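One structure is given here, and the rest of the page talks about it.
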Amino acid sequence: MRAADRSTVLGSVWLRDEPEPTRAPLTRAEIVTTAIRLLDRDGLDRFSMRTMAAELGTAATSALYWRIATKDDLLELVVDEILALDNLLTLNQEPPAQLATEQLTPKGAAPGRRAARQVAKGVVVPGHEMTGQVPPAGAVPGRGAAAQGARGIAVPGQWDWRDKVSEVVHAAYWALSEHPWAAQLLPTHAGLGPNYQALTESVQQILTEARFKGTHLDAAMSAIFHYLIGSAVTDAAWRAVVRRSGLPESTWAQQSADRIGVDPTHLTAYLNPQSQAGPHSRFTTGLRAILTALRPRQLS
């Protein structure tokens, strides 16, 4: 079998070579940016290569198919782009205020909203900030340092490995919350892209330096990422149902609760990201439980 034939049947855009440069008016990056804009606007249900071609214009249609052959290829590219570490590092999404007491608190930091922001804002990049120490000037290492320093946040002198894992996973969760269609794609279109790989490697490096080894390391990684993906997919599924109804979230909850067999007030709170019973709070509490239970070299 020829190399080209083998790459065709491997089932992922990441396992094929990118087309050679041409005079086509569009780059792959420009196509991916347009796709993300359409997905944010219209959702996954209404997304198609036809809508992409219409958005790009007739003159660019051939360039679209030259650069990206299939819809599945494009969806793999866009979901991986959402999980790019650079995107996570510059993410401006703040956790709701009521989540502050649920966050893991860095050693030496006073509990409360400031500590929650310390955990949720930054992302540990592979190869950096992995020693458990932070610079003596009192700034959190990485790109988050300037922003946190500007807000006058007191930063502890040491971080526990759980805090490091928590900030990476929280940043990924916020990104998926901002783009729920990406969470819908995770079960079928994620895992082989370079950004997803960098995300998992950053968590693996933290755990490795915390002395997780062998099967215990593998199990800890599975527990963390299965929880991240499962939570994001579940949250996105609820939002997709509400979106298809065309109703405001609270109205949908009130009208659907009896049919589901739950209390309307509870369902409304369950769906509301700003509620203490909502998806963001549940995710934070669940992640804390998982990380608290994990131990280097053993799982109980």
Side-chain angles (χ1 to χ4, degrees), residues 10-15 72 75-76 78-85 87-89 91 95 99 102-104 119-120 122-130 132 159-238 279-300:
L10 290 177
S12 172
V13 67
W14 302 114
L15 303 178
D72 279 332
L75 293 178
E76 279 196 280
V78 295
V79 71
D80 195 65
E81 181 65 20
I82 294 303
L83 294 174
L85 282 174
N87 292 344
L88 302 182
L89 282 162
L91 190 66
L99 299 190
E102 296 292 341
Q103 293 282 3
L104 293 173
V119 172
V123 174
V124 179
V125 181
H128 300 276
E129 295 83 57
M130 295 299 178
W159 280 14
D160 181 77
W161 64 265
R162 294 179 182 85
D163 301 314
K164 297 178 184 179
V165 171
S166 182
E167 70 169 342
V168 175
V169 175
H170 269 101
Y173 178 78
W174 300 133
L176 293 169
S177 296
E178 285 291 291
H179 307 280
W181 52 265
Q184 291 177 268
L185 290 171
L186 284 176
T188 54
H189 292 80
L192 295 177
N195 293 321
Y196 185 87
Q197 291 295 319
L199 180 64
T200 59
E201 287 169 6
S202 67
V203 174
Q204 181 171 317
Q205 185 169 345
I206 296 169
L207 294 177
T208 299
E209 294 194 359
R211 299 185 180 179
F212 282 82
K213 299 178 181 179
T215 56
H216 292 152
L217 173 61
D218 293 341
M221 287 288 293
S222 294
I224 292 166
F225 276 91
H226 289 178
Y227 178 71
L228 168 63
I229 294 172
S231 297
V233 169
T234 300
D235 295 347
W238 280 105
H280 292 174
S281 182
R282 292 196 305 273
F283 177 80
T284 299
T285 302
L287 180 62
R288 179 186 179 116
I290 290 171
L291 296 180
T292 299
L294 291 176
R295 297 287 189 277
R297 306 184 195 173
Q298 61 184 26
L299 298 180
S300 61

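Both backbone and side-chain heavy atoms feed into the values below; hydrogens, waters and symmetry mates do not. Bear in mind that the values here come from a model prediction, so they are computed numbers and not experimental data.
- Of the inter-residue distances, the one linking His226 atom NE2 with Met221 atom CE reads 10.0 Å to the nearest 0.5 angstrom.
- Residues Leu186 and Leu176 meet the side-chain proximity criterion, which asks for heavy atoms closer than 4.5 Å.
- Checked by atom type and distance alone, the side chain of Asn195 pairs as donor or acceptor with a backbone atom of Asp80 at under 3.5 Å.
- Considering CG of Leu207 and CZ of Arg211, their distance stands at 14.0 Å, rounded to 0.5 Å.
- With values rounded to the nearest 0.5 angstrom, Ile290 atom CD1 is found 11.0 Å from Ser166 atom OG.
- For the pair Val169/Phe283, a side-chain contact is recorded, criterion being any heavy-atom separation below 4.5 Å from C-beta on.
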(message) Show, in sequence, the C-alpha distance, side-chain angles and deciding distance for Leu294 and Ile224, and conclude whether the side chain to side chain contact (heavy atoms under 4.5 Å, CB included) test is met.
(response) CA-CA 10 Å; Leu294 291 176; Ile224 292 166; 4.1 Å; yes
(message) Please evaluate residues Val79 and Thr188 with respect to the criterion side chain to side chain contact (heavy atoms under 4.5 Å, CB included), reporting the C-alpha separation (whole Å), side-chain torsions for both, the decisive distance (0.1 Å), and the verdict.
(response) CA-CA 10 Å; Val79 71; Thr188 54; over 6 Å; no
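- To the nearest 0.5 Å, atom CZ of residue Arg288 and atom CZ of residue Arg162 are 10.5 Å apart.
- Nearest heavy atoms, Ala236 versus Pro180: CB-O, 3.3 Å.
- Rounding to the nearest 0.5 angstrom, the gap separating the OH atom in Tyr173 from the CD1 atom in Ile229 is 13.5 Å.
- Not a single donor-acceptor pair under 3.5 Å links the side chain of Thr285 to the backbone N or O of Arg282.
- In this pair, Trp161 and Phe212 present their aromatic rings perpendicular. The plane angle is above 60°, beyond the 30 to 60° band.
- Gln204 pairs with exactly one of Ile206, Thr200, Thr208 by the side chain to side chain contact (heavy atoms under 4.5 Å, CB included) rule, that one being Thr208.
- The line from CG of Leu199 to CG of Leu228 is 7.0 Å long, rounded to the nearest 0.5 Å.
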(request) Go through the steps for Tyr227 and Leu291 under the test side chain to side chain contact (heavy atoms under 4.5 Å, CB included), then give the verdict. (result) CA-CA 11 Å; Tyr227 178 71; Leu291 296 180; over 6 Å; no
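- Listed by chain and residue number, nothing satisfies the ring pair (Phe, Tyr, Trp, His ring centres under 6.0 Å) test with Phe225 (two or more places apart in sequence, or in another chain).
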